[in-house]
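See below for the structure under consideration.
The first residue of the sequence shown is numbered 1, and numbering continues consecutively from there. Since this is a predicted model, take the numbers as computed values, not measurements. In listed order, ligands and their atoms are each counted from 1.
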Amino acid sequence: MITIGIIGSGAMGAGIAQVVATAGHQVRLLDQNAAALSNATASIGASLHKLAEKGKLTTEAAEAAIARLHPTASMAAFADCGLVIEAIVEDLAVKQQAFKQVEAIVSAGCVLASNTSSLSITSIAAACQRPERFVGIHFFNPAPLMQLVEIIPAVQTRAGLANEIRDLVAGWGKRPVLAQDTPGFIVNRVARPFYGEAIRILEEGIADIATIDWALTELGGFRMGPFALMDFIGHDVNYRVTESVFTAFFYDPRYRPSFTQRRLFEAGYYGRKAGRGFYDYAPGASQPAPTRDPALGQRIVQRVVAMLINEAAEALHLRVASAADLELAMTTGVNYPQGLLAWADELGPAQVLATLDGLYHDYHEDRYRASVLLRRLATAHQLFLSA
Ligand code: NAI
């Protein structure tokens, strides 16, 4: 089994280290911050012990995984690695510099990977001497719990490498999917309307946050409503992702951020962790009650789900991912109640198209333009998953 190097022992690096150590790899974990490294080592140990207590892992397996974890302050320890995964700060120049250092140490056969959420894999690979061995391996937070891993070949990645990494990641008990190197990969692209369209409905005064959250959870079947979820993720993170996807798509209006969330971000109302976001988390704060109007609720769900389906349809049309991988990504990466293409088939592509065309007719905004694939299937009375 190859030895795996991990740069960055923050939330993601520590989680990834736990995953690969549990899977049987020797792990070299590096961080420039000694405190972050010792915190990560302690938290991985605690987390593995907890899993053993819960009976999810034998005590021997937990101890063996801990013994395979080697924190290091020097990159020289990466010399014997067959794969190095980077999970440091989300800054292109800093990541490129880190890979230059890695390449000076590892062997020519060592695969290099980034866990970036928002930078192009191609742009990081471009700084490498051997960009053909570079690939994106995008985990979800928390990495030990989340099944989904997006594998993203760069333009320079050698043929076959993404599939080899897919098999490797599957061997760790994860559900890998292949995604093109386009902004947001699969999940962070396709999920955008869940937030953006919900905010738009709020801004227009169609419904309040509690009602929109109620509709999408109770009637839509989503685990969390968009406002509760944005508060949970944090507006510092969620707003930044929205903004970076919008910019990376050359300002396609479909991904335009909202002033509402921008202001929360500016105010530092980041959500749960700040005690305030869309909701007030102060102890004893009263929570808004939803208007449980089924007709209004259904309209909200119909609109948000149609926008999500449209994103999935467009991603399929542009070959960002296969239909099967799109479905797997949205059900395992963000726990949607069902895949969006299956959902489209259940509602009927013609029905979804009618919702989008109705919005487009009302607003005359490019944001509501329907994917040509959706239109073709609707017109031909075909379904996505049997198409
Ligand atoms: P974090 O801030 O928790 O951890 C980053 C760690 O990298 C810190 O401990 C820092 O000391 C260390 N570091 C920074 N520059 C370094 C360098 N040059 N050499 C060595 N160590 C360095 O960040 P987090 O959340 O773990 O994110 C890491 C990466 O993973 C980012 O690219 C982020 O976009 C991506 N990501 C984050 C997700 C999340 O939900 N937090 C989900 C998926 C990907």
Side-chain angles (χ1 to χ4, degrees), residues 5-20 27-44 47 71-78 81 84-105 112-121 123-125 127 134-152 169 174 176-177 179 181 183-189 191 195 229-230 232-245 248 270-273 329 332-335:
I6 296 173
I7 331 173
S9 69
M12 295 310 295
I16 298 166
Q18 182 179 326
V19 169
V20 298
V27 183
R28 317 233 177 269
L29 181 61
L30 173 83
D31 201 292
Q32 66 183 16
N33 178 334
L37 193 56
S38 59
N39 285 344
T41 314
S43 84
I44 296 167
S47 149
T72 173
S74 159
M75 210 178 264
F78 284 1
C81 288
V84 171
I85 305 175
E86 166 276 313
I88 62 173
V89 58
E90 190 74 341
D91 179 307
L92 178 61
V94 178
K95 286 188 194 286
Q96 288 180 330
Q97 181 57 33
F99 280 110
K100 281 197 177 127
Q101 292 172 329
V102 173
E103 273 197 309
I105 286 159
L112 306 180
S114 176
N115 183 53
T116 182
S117 311
S118 67
L119 300 169
S120 101
I121 303 302
S123 69
I124 308 173
F134 201 93
V135 68
I137 307 184
H138 185 228
F139 285 83
F140 287 74
N141 189 17
L145 287 182
M146 298 298 288
Q147 290 291 297
L148 184 69
V149 180
E150 295 175 331
I151 311 292
I152 309 108
V169 170
K174 295 294 178 192
V177 292
D181 189 11
F185 311 133
I186 302 176
V187 170
N188 281 336
R189 170 195 193 133
Y195 316 109
L229 181 55
M230 283 183 275
F232 180 76
I233 295 169
H235 295 283
D236 48 342
V237 174
N238 189 266
Y239 176 75
R240 280 206 187 95
V241 173
T242 303
E243 199 179 53
S244 92
V245 168
Y270 293 156
R272 256 173 208 268
K273 62 188 168 194
T332 56
V334 271
N335 297 313

Interatomic spacing from [atom1] in [X] to [atom2] in [Y] - rounded to 0.5 Å:
X: Gln101; Y: Ile7; atom1: CD; atom2: CD1; result: 8.0 Å
X: Met12; Y: Asn141; atom1: CE; atom2: CG; result: 5.0 Å
X: Asn115; Y: Ile121; atom1: CG; atom2: CD1; result: 9.0 Å

Task: Flag side-chain contact, heavy atom, 4.5 Å: Lys174 against Met146 - done: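 Answer no - side chains too far apart.
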Contacts under 3.5 angstrom, residues 29-39 side chains, donor-acceptor by atom type, not counting sequence neighbours:
| residue | atom | partner | partner atom | Å |
| --- | --- | --- | --- | --- |
| Asp31 | OD1 | Asn33 | N | 2.8 |
| Asp31 | OD2 | Ser9 | N | 2.6 |
| Asp31 | OD2 | Ser9 | OG | 3.0 |
| Asn33 | OD1 | Ala35 | N | 2.9 |
| Asn33 | OD1 | Ala36 | N | 3.1 |
| Ser38 | OG | Ala34 | O | 3.4 |
| Ser38 | OG | Ala35 | O | 3.2 |
| Asn39 | ND2 | Ala35 | O | 3.4 |

Open item on the list: Which protein residues come within less than 4.0 angstrom of ligand 1, counting heavy atoms only?
Closed with: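 Ligand 1 pocket, heavy atoms under 4.0 Å: Ile7, Gly8, Gly10, Ala11, Met12, Asp31, Gln32, Asn33, Ala36, Ala87, Ile88, Val89, Glu90, Val94, Lys95, Asn115, Thr116, Ser117, His138, Phe139, Asn141.
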- [ ] Kindly give the heavy-atom pair with the smallest separation between Met75 and Ala98, and that separation in Å.
- [x]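 Scanning both residues, the minimum pair turns out to be CE-O, 4.0 Å.
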